[in-house]
Amino acid sequence: MSHRKLDDAAQARAAEVSSLLARGDLSAALRRALQGTQPYGPTANPAITPFKEMSTKSVVDVLTTARSTDVPTLISQLQPAELDLLFKYLTEVAGVGAIVRVMADKRVI
């Protein structure tokens with residue numbers, strides 16, 4: 001995908017996510033943040049870094065807007081492919097160590 005198309009897609013997605021968040025529709029905002037071309041993961045092409053950051057910010061904005069009590073419901077509404085993508089974003093943002101610590105925590109929250 002060309003840089004122009006990546007930029008357009010990332011900006012459109014970010015605008016839609018912001019609009020959905022403003023309306024309080026967290027579920028739709030998260031699903032929209034996880035749709036489309038996602039430039040995540042390590043890359044040898046620094047030209048796509050701004051698109052990665054914009055896409056990651058959209059996902060993080062939804063998760064930081066949600067109350068901790070809303071997160072299980074949001075997660076349960078995602079399809080397996082969306083869950084995989086969300087996990088990739090979380091790994092990129094929080095790192096593998098943080099995720100392993102949460103998964104290893106035996107307390108039920």
Backbone of [Y] reached by a side-chain donor or acceptor of [X] within 3.5 Å:
X	Y	answer
S55	F51	yes
E16	R13	no
R31	Q77	yes
S76	T73	yes

Query raised in the report: Is any side-chain N of the basic residue among D8 and K5 closer than 4.0 Å to the acidic one's carboxylate O?
Result: no
Report task. Could you check if a side-chain atom of L26 sits within less than 4.5 angstrom of a side-chain atom of L30, using non-hydrogen atoms only? Result -> no
Query raised in the report: Just wondering, do L86 and L63 contact through their side chains at under 4.5 Å, heavy atoms?
Result: yes
Report task. Indicate the atoms forming the closest heavy-atom contact of A66 with V71, along with that distance. Result -> CB-CG2, 4.3 Å
Query - Which atom of L34 lies closest to which atom of L85, heavy atoms considered - result: O-CD2, 3.1 Å
Under 4.5 Å between side-chain heavy atoms, hopping through other hydrophobics if needed: is there a path connecting [X] to [Y]?
X	Y	answer
V59	L78	yes
L74	L20	no
V93	M54	no

What is the distance from atom [atom1] of [X] to atom [atom2] of [Y], rounded to the nearest 0.5 Å?
X	Y	atom1	atom2	result
D25	R23	CG	CZ	7.0 Å
Q11	S58	CD	OG	10.5 Å
R32	S27	CZ	OG	14.0 Å

